[in-house]
Student: 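Pasting a structure below so you can have a look.
Just so it is clear, the structure is predicted and the values come from calculations on it, not from any experiment.
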Amino acid sequence: MAPQYKTYMQNFSYAHKNTKDGERVSATAQFNQPRISGQIEKLRLSAFEREIPVSDNETLCFLQTLLSAVQPKNILELGTAVGISGAVMLDACKSARLTTIERDKNFYEEARTNFNNLGLTERVTQIFGDAGEAVLTLPENSFDFIFMDCAKVQYVKYLPRLKRLLNRGGTLVADDILLFGYVTGEEAVPPKRKMLVEHIKEYITAVTNDSELQTTIINIGNGVALSVKL
């Protein structure tokens, strides 16, 4: 792992990496393979090698399929990392623009380089900072699609702010919602993950009971919550 990422990833990986068994693999993962360009896949493999959080195959396939259907014009992403998921989303929506938020300077800079090398710079607005603060600066009803893949403990806190940003009929996707099977009870929750699991369960309760949203929890990848604003 590159030195500039080592300290940060030791703190960050708790939400993305199951250090005991590795990433959760669902029963349908073998069928759900994304269509990714060689250039993007090369960047993605480099990220995996450094244990930088990047969406798995099944989640990217789901995003590509969903985005191909809804074709949003304006996408918001919380958690840029090094820009892989953002690049995949823009590839699925050729006329869309992406606003993406990242709090880590190293990730932010690497993503900027990656977007430039992929020829996507003109379609991307990068924001460096805390996602919870950044979304407060964005105009209401300005996004058709939101992909949330940031600090899981903040999901429920961010929900009201994201609803404000989402157009009616817009889609909100929250990633890693089943967290290695801890949330569903498939796997025993390690003591240091219990608080995180509780926060995710709070988010699931909030979105599934929100009268302004139609939500389904999907058992693919590490789990996604798909919500549509009514």
Side-chain angles (χ1 to χ4, degrees), residues 16 23-37 40-41 43-44 53-101 111 115 118 120 123-125 131 135 138 141-150 152 155 158-159 161-179 183-184 200 203-204 206-208 210 212-230:
H16 290 266
E23 290 291 342
R24 176 178 184 270
V25 178
S26 77
T28 55
Q30 60 183 313
F31 308 115
N32 294 321
Q33 299 298 315
R35 297 177 181 177
I36 301 174
S37 71
I40 293 177
E41 182 63 11
L43 295 172
R44 187 168 175 244
V54 177
S55 296
D56 58 35
N57 281 345
E58 193 165 31
T59 302
L60 286 181
C61 183
F62 170 76
L63 281 175
Q64 285 182 317
T65 304
L66 178 60
L67 287 163
S68 295
V70 302
Q71 287 295 315
K73 298 298 182 184
N74 292 292
I75 301 171
L76 173 64
E77 178 182 44
L78 280 67
T80 314
V82 295
I84 307 303
S85 53
V88 169
M89 289 191 288
L90 287 176
D91 186 61
C93 305
K94 304 296 186 183
S95 62
R97 289 194 55 83
L98 172 70
T99 298
T100 183
I101 306 168
F115 287 136
L118 292 167
L120 298 173
R123 297 170 60 196
V124 177
T125 298
V135 295
L138 300 173
N141 304 316
S142 52
F143 296 99
D144 313 300
F145 191 96
I146 299 175
F147 180 50
M148 181 163 57
D149 189 17
C150 54
K152 314 308 167 193
Y155 276 16
Y158 292 167
L159 181 60
R161 306 174 193 183
L162 299 183
K163 285 172 56 181
R164 179 182 65 85
L165 299 179
L166 198 61
N167 288 322
R168 181 172 294 182
T171 305
L172 167 62
V173 173
D175 197 16
D176 299 317
I177 210 72
L178 300 182
L179 202 65
V183 173
T184 58
I200 292 177
Y203 178 80
I204 292 174
V207 292
T208 54
D210 193 314
E212 296 180 311
L213 298 172
Q214 177 63 52
T215 299
T216 183
I217 307 300
I218 304 174
N219 187 15
I220 60 170
N222 217 6
V224 298
L226 169 62
S227 304
V228 177
K229 185 174 178 179
L230 302 174

Student: As an exercise, state the distance from CG of D91 to CZ of R35, rounded to the nearest 0.5 Å.
Tutor: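 Result: 11.5 Å between the selected atoms.
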
Student: For the residue pair L67 and I75, establish whether any side-chain heavy-atom pair is separated by less than 4.5 Å.
Tutor: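 In contact.
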
Student: Counting distance only, does the side-chain N/O of R164 pair as donor-acceptor with the main-chain N or O of V135 below 3.5 Å?
Tutor: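 Confirmed, R164 side chain pairs with V135 backbone.
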
Student: Under the criterion side-chain contact (heavy atoms from CB on, under 4.5 Å), which of I146, L165, N141 is the partner of K229?
Tutor: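 Looking at I146, L165, N141, the match for K229 under the side-chain contact (heavy atoms from CB on, under 4.5 Å) is N141.
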
Student: Quick check against the 3.5 Å criterion: does D56 have a side-chain atom that pairs as donor or acceptor with the backbone of T59?
Tutor: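 Yes.
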
Student: Could you grab the distance from atom CG of N167 to atom OG of S142, nearest 0.5 Å is fine?
Tutor: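 Between N167 CG and S142 OG, I get 7.0 Å after rounding to 0.5 Å.
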
Student: Is a donor on one side and an acceptor on the other found under 3.5 Å between the side chain of T80 and the backbone of I101?
Tutor: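 Pair found, side chain donor or acceptor close to backbone of I101.
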
Student: How about L63 and V224: do any of their side-chain heavy atoms sit closer than 4.5 Å?
Tutor: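 Sidechains of V224 and L63: no contact.
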
Student: For Q214, I'd like to know if atom CD has over 12 heavy atoms of other residues, nucleotides or ligands within 6.0 Å.
Tutor: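 Incorrect, the count does not exceed 12.
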
Student: Could I get the full list of side-chain hydrogen bond (donor to acceptor under 3.5 Å, both in side chains) partners for T28, not counting sequence neighbours?
Tutor: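 Testing T28 for side-chain hydrogen bond (donor to acceptor under 3.5 Å, both in side chains), a comparison that skips the adjacent residues, returns S26, E58.
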
Student: So I177 and I217, side chain to side chain contact (heavy atoms under 4.5 Å, CB included) or not? Walk me through it.
Tutor: CA-CA 8 Å; I177 210 72; I217 307 300; 4.0 Å; yes

Student: Please examine the side chains of V88 and R44, heavy atoms only from C-beta on, and report whether any two atoms are closer than 4.5 Å.
Tutor: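 No; the side chains remain at least 4.5 Å from each other.
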
Student: Do N74 and T99 have side chains that get closer than 4.5 Å, going by heavy atoms?
Tutor: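 N74 does not reach T99 side chain to side chain.
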
Student: Please assess L120 against L98 for the test side chain to side chain contact (heavy atoms under 4.5 Å, CB included), listing each intermediate value before the final yes or no.
Tutor: CA-CA 10 Å; L120 298 173; L98 172 70; over 6 Å; no

Student: Would you say K73's side chain and Q71's backbone share a donor-acceptor pair under 3.5 angstrom?
Tutor: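 No; zero donor-acceptor contacts below 3.5 Å.
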
Student: Are the side chains of F145 and V173 in contact, using a 4.5 Å heavy-atom criterion?
Tutor: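 Contact flag for V173/F145 side chains = yes.
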
Student: Please tell me if the side chains of S55 and D175 come closer than 4.5 Å, counting only heavy atoms from C-beta onward.
Tutor: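 S55 vs D175: side chains touch.
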
Student: Looking only at heavy atoms, what is the nearest atom pair of P72 and C93, with distance?
Tutor: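 Result for this residue pair: CD-SG, 3.6 Å.
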
Student: Look at the side chain of T215 and the backbone N and O of V207, then say whether any donor-acceptor pair between them is shorter than 3.5 Å.
Tutor: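 It does hold such a pair.
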
Student: Looking at every non-hydrogen atom in both residues, tell me the closest pair between A81 and P53 and how far apart they are.
Tutor: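 Closest approach of A81 to P53, heavy atoms only: CB-O, 3.6 Å.
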
Student: Rounded to the nearest 0.5 Å, how far apart are CG of L60 and CD1 of I84?
Tutor: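 L60 CG to I84 CD1: 9.0 Å, rounded to 0.5 Å.
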
Student: Sequence neighbours excluded, which residues qualify as ring pair (Phe, Tyr, Trp, His ring centres under 6.0 Å) partners of Y203?
Tutor: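 Scan of Y203 (ring pair (Phe, Tyr, Trp, His ring centres under 6.0 Å), adjacent residues dropped) gives Y155.
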
Student: Roughly how far, to the nearest 0.5 Å, is CD of Q33 from CG of N57?
Tutor: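 It comes to 4.5 Å.
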
Student: Kindly compute the distance separating OG (S85) from CG (L90), expressed to the nearest 0.5 Å.
Tutor: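 Reported value, rounded in 0.5 Å steps: 9.5 Å.
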
Student: Heavy-atom distance under 4.5 Å between the side chains of Y158 and L172, does that happen here?
Tutor: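 The answer is no; the side chains never approach within 4.5 Å.
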
Student: Can you tell me how far CG of L43 sits from CZ of F115, rounded to the nearest 0.5 angstrom?
Tutor: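 F115 CZ to L43 CG: 10.5 Å, rounded to 0.5 Å.
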
Student: Any heavy-atom pair between the side chains of L78 and L76 that's under 4.5 Å?
Tutor: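 Touching, per the 4.5 Å side-chain cut-off.
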
